[in-house]
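Have a look at the structure below, then the notes.
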There are 2 protein chains.
Amino acid sequence: MGAQANRRPTLDEVALRAGVSRSVASRVINNTRDVSSTARAAVQKAVKELGYVPNPSARALATAQSGSVLLAVSHDDPNLFADPFFGHVIVGVNAALERTDLVLMLLLADTERGKERLERVLRSRRADGIMLLALHGEDPLYDLAQSLELPVVVGGRPLHGEPAWYVDADNRGGGRTATEHLIASGRRRIAAISGRQDTQVGVARHQGFREAMAVAGLEPVRSETADFTEAGGAAAMTRLLGRHPDLDAVFAESDTMAAGALRALKAAGRSVPGDVAVVGFDDLPIAQGTDPALTTIHQPVQALGREMAKMLVGLIEGERPSPLILPTHLVIRESAP
Amino acid sequence: MGAQANRRPTLDEVALRAGVSRSVASRVINNTRDVSSTARAAVQKAVKELGYVPNPSARALATAQSGSVLLAVSHDDPNLFADPFFGHVIVGVNAALERTDLVLMLLLADTERGKERLERVLRSRRADGIMLLALHGEDPLYDLAQSLELPVVVGGRPLHGEPAWYVDADNRGGGRTATEHLIASGRRRIAAISGRQDTQVGVARHQGFREAMAVAGLEPVRSETADFTEAGGAAAMTRLLGRHPDLDAVFAESDTMAAGALRALKAAGRSVPGDVAVVGFDDLPIAQGTDPALTTIHQPVQALGREMAKMLVGLIEGERPSPLILPTHLVIRESAP
DNA sequence: CGGCTGACTGGAAGCGCTTCCAGTAGTTCC
DNA sequence: GGAACTACTGGAAGCGCTTCCAGTCAGCCG
């Protein structure tokens with residue numbers, strides 16, 4: 001009755017109860033060799049009876065391994081994380097981690113203070129490895145993590161240079177596929193709304209667009225750059241229409257911007273896909289909710305998270321995995337049949 | 001030249017360099033009293049020169065405090081977490097934690113294995129406190145956390161009973177407000193599409209609906225229950241139209257379901273808001289993307305996360321905060337002017 | 001039958017920190 | 001001038017675990 005309430009059992013108590021030494025108990029817990037089956041059974045029994053759970057801090061101290069990995073999102077837009085994209089990544093990461101004993105730590109570093117905090121966490125080696133997401137331009141974080149000799153896996157790629165370990169979607173290939181689809185369906189006056197050009201994603205997708213246009217011998221009507229937001233997409237679309245009222249297709253390089261573009265097209269009285277065909281990129285849930293439903297490039301976001309985590313676990317366990325580029329594919333809906 | 005590369009400095013080395021004992025160095029680091037200013041300065045200098053960062057495991061072991069808090073999401077739908085809702089909660093949590101030294105651990109427990117893992121993490125006291133999200137029906141997790149004598153803050157409320165510490169949005173008030181708005185705009189044949197009735201959210205919103213109808217002396221046309229998904233909302237809307245072709249308003253108790261309802265209404269040839277007015281709930285980004293844009297109840301999701309984290313920090317620091325219900329408010333857009 | 005394995009075992013030394021406590025000075029007060 | 005403070009200081013004892021290492025005790029070979 002409330003007697004055993006307060007203190008949690010320690011390994012010593014388990015050992016005592018099992019009638020063995022602490023070393024033996026530890027070996028049983030950690031499943032290492034050199035334990036007789038009788039000792040093993042006794043310890044396991046004691047563990048169960050006492051409800052023993054190892055103290056992670058003590059273990060971490062003794063082994064110099066924290067037992068956790070960090071997912072760091074460093075960005076200057078505090079709301080970026082609200083994008084469902086991240087939710088999917090996390091679901092993937094979580095799934096991959098579920099089969100290990102690693103716990104996920106999450107740190108969003110948007111403010112200056114947040115970034116300092118992230119740096120402290122990194123330096124303190126609270127995590128055995130780190131996953132970096134949404135690097136835009138040059139992020140000092142990457143270099144820091146590198147210099148700490150911590151395993152680092154980058155999701156996406158930074159704008160310049162190529163990290164040793166990363167997982168990325170085939171953005172360039174996706175951009176090409178999207179554009180090819182528009183061309184194949186007979187569109188000729190094709191414009192693009194590209195995302196921020198200080199991100200590798202933004203650049204790569206647009207590069208795919210330009211490649212496909214060049215291959216087809218077409219001149220892009222015009223491209224507008226927006227900031228990956230719905231409002232930005234709408235504004236860009238409006239600008240495009242103002243300058244090139246006769247365009248017949250738009251490749252909006254993210255679904256969110258595509259949604260904005262659809263809204264602007266509707267406001268301008270254009271029918272989709274009748275007057276203008278629209279292809280997005282990402283295949284987020286909104287893509288199905290827009291009117292008309294959005295033809296888009298699917299990128300395997302959950303897989304991205306999963307593979308990042310897997311790669312990191314591999315690195316921590318001493319393997320040397322290869323960078324990974326995940327395929328994207330076209331999903332045809334109504335906005336560009 | 002790679003000399004100091006490998007080992008990180010310890011407190012002993014800092015003390016040595018500063019010419020004081022380890023105790024003094026520790027006191028300086030932790031900013032406790034009883035340190036002369038000369039000693040303090042010497043230690044601070046040594047810390048800087050050595051780039052010393054305390055080892056969190058050692059500290060955790062000595063203080064019996066992990067320095068982290070856990071956000072646990074236990075649900076049976078593995079994709080629920082992809083909902084932007086969670087992203088916003090996390091942004092809020094992160095913001096509140098930024099001013100502390102606590103680190104956020106995130107655990108999604110959808111599978112059986114995930115739940116066991118969550119339980120292990122809880123039992124091992126890897127976290128100093130826990131935030132629980134998306135409890136549906138009765139979740140054993142809550143009782144477990146309670147029994148561990150860990151501070152627990154619940155986001156939303158479980159279906160039955162009331163936790164000691166929770167933060168919730170005023171779902172019932174929101175449901176009332178939404179309904180009152182429909183009534184005030186002259187609608188009389190009002191139906192509702194309620195969410196899962198095994199969640200407190202679902203029940204509370206619908207209760208608000210019923211209250212407002214009763215106060216106005218109106219009989220609900222009919223209510224259909226869906227599962228908070230777009231498809232579910234569309235199906236429910238179709239059923240409603242089948243049975244009550246003359247309804248003139250719908251309160252869809254989540255934006256996602258509202259989006260589905262809009263789609264079904266359009267498919268049935270009804271104009272919104274001409275024939276049927278629609279009010280949603282949540283004020284997610286989709287609410288602005290639907291056509292027509294959705295009148296909805298805004299709930300402060302980010303604030304929910306922030307307040308949960310604040311409350312938890314308070315609990316950990318020994319305060320006894322009060323449960324909190326955050327206000328919701330009506331956002332009028334096109335679907336129900 | 002002596003000596004050698006090989007399978008186990010338990011003692012003990014840490015991991016890097018916090019914190020209690022006994023102690024040393026320097027001050028103040030009667 | 002001595003007692004009683006106050007303001008610091010450093011030694012030492014942990015926190016709960018892992019892991020090295022020196023043993024012990026069978027069994028088995030020649």
Side-chain angles (χ1 to χ4, degrees), chain A residues 6-44 46-47 50-68 101 103 120-121 123-128, chain B residues 6-44 46-47 50-68 101 103 120-121 123-128:
Chain A
N6 240 337
R7 266 180 23 74
R8 306 168 49 209
T10 71
L11 191 55
D12 276 308
E13 295 167 43
V14 171
L16 190 66
R17 186 178 190 109
V20 299
S21 76
R22 181 168 24 149
S23 333
V24 172
S26 173
R27 273 179 230 125
V28 172
I29 305 281
N30 292 300
N31 217 347
T32 43
R33 12 169 294 293
D34 279 347
V35 181
S36 67
S37 52
T38 57
R40 179 174 309 271
V43 171
Q44 280 164 344
V47 164
L50 259 39
Y52 171 76
V53 181
N55 178 323
S57 312
R59 182 177 269 184
L61 182 57
T63 60
Q65 292 236 315
S66 73
S68 53
D101 273 327
V103 165
R120 273 209 310 281
V121 170
R123 283 196 192 284
S124 73
R125 277 204 144 64
R126 271 186 95 117
D128 298 334
Chain B
N6 240 336
R7 267 184 19 75
R8 307 169 47 209
T10 71
L11 190 55
D12 277 307
E13 295 167 43
V14 171
L16 190 66
R17 185 177 192 110
V20 299
S21 76
R22 185 171 16 152
S23 334
V24 172
S26 173
R27 273 180 230 126
V28 172
I29 305 279
N30 292 300
N31 217 347
T32 42
R33 9 169 296 291
D34 279 347
V35 181
S36 67
S37 52
T38 57
R40 177 173 310 269
V43 171
Q44 280 164 345
V47 164
L50 259 39
Y52 171 76
V53 181
N55 178 322
S57 312
R59 183 176 268 184
L61 182 57
T63 60
Q65 291 236 315
S66 73
S68 53
D101 274 325
V103 165
R120 274 209 309 282
V121 170
R123 284 195 191 285
S124 74
R125 278 205 144 64
R126 270 185 97 116
D128 297 335

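Lettering follows sequence order; numbering is per chain, from 1.
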Please tabulate the protein-to-nucleotide N/O contacts below 3.5 Å involving nucleotides 7-10 of chain C, giving atom names and distances.
{"unit_1": "dT9(C)", "atom_1": "OP1", "unit_2": "Ser36(A)", "atom_2": "OG", "d": "2.8"}
{"unit_1": "dT9(C)", "atom_1": "OP2", "unit_2": "Ser36(A)", "atom_2": "N", "d": "3.1"}
{"unit_1": "dG10(C)", "atom_1": "OP2", "unit_2": "Ser21(A)", "atom_2": "N", "d": "2.9"}
{"unit_1": "dG10(C)", "atom_1": "OP2", "unit_2": "Ser21(A)", "atom_2": "OG", "d": "3.4"}
{"unit_1": "dG10(C)", "atom_1": "N7", "unit_2": "Ser23(A)", "atom_2": "OG", "d": "3.3"}
{"unit_1": "dG10(C)", "atom_1": "N7", "unit_2": "Arg27(A)", "atom_2": "NH2", "d": "3.4"}
{"unit_1": "dG10(C)", "atom_1": "O6", "unit_2": "Arg27(A)", "atom_2": "NH2", "d": "2.5"}

**Asked** How long is the line joining CG of Leu16(B) and P of dT9(D), in whole Å?
**Response** 16 Å
**Fill in**
Asn30(B) CG to dG16(C) P, in whole Å, measures 17 Å
**Item:** Side-chain (Asn55(B)) to main-chain (Ser57(B)) donor-acceptor, under 3.5 angstrom
**Value:** yes
**Item:** Exercise: identify the closest heavy-atom pair between Arg126(B) and Ser66(A)
**Value:** NH2-O, 3.2 Å
**Request:** Please report, rounded to the nearest Å, how far the P atom of dG16(C) is from the CD atom of Glu13(B).
**Result:** 9 Å
**Request:** Could you check whether Ser26(A) gets within reach of a base, just the sugar-phosphate, or nothing at all, counting any heavy atom under 4.0 Å?
**Result:** base
**Request:** Look only at the side chain of Ser26(A) and the backbone of Arg22(A), and say whether a donor-acceptor pair between them is shorter than 3.5 Å.
**Result:** no
**Item:** Between C1' of dC17(D) and CG of Asn55(B), the distance in whole Å
**Value:** 14 Å
**Request:** Answer yes or no: is there a donor N or O on one side and an acceptor on the other, between the side chain of Arg8(B) and the main chain of Val53(B), under 3.5 Å?
**Result:** yes
**Message:** Could you tell me how far apart Arg59(B) (CZ) and dG16(C) (P) are, to the nearest whole angstrom?
**Reply:** 15 Å
**Message:** From CD of Gln65(B) over to C1' of dG16(D), roughly how many Å is that when rounded to an integer?
**Reply:** 16 Å
**Item:** Donor-acceptor under 3.5 Å (Asp128(A) side chain, Gln65(A) main chain)
**Value:** no
**Prompt:** Closest heavy-atom contact between Thr10(A) and Tyr52(A)?
**Reply:** C-CE1, 3.6 Å
**Prompt:** Rounding to a whole Å, what distance do you find between Leu61(A):CG and dC15(C):C1'?
**Reply:** 4 Å
**Item:** Value in whole Å for how far the C1' atom of dG14(D) lies from CG of Leu11(B)
**Value:** 16 Å
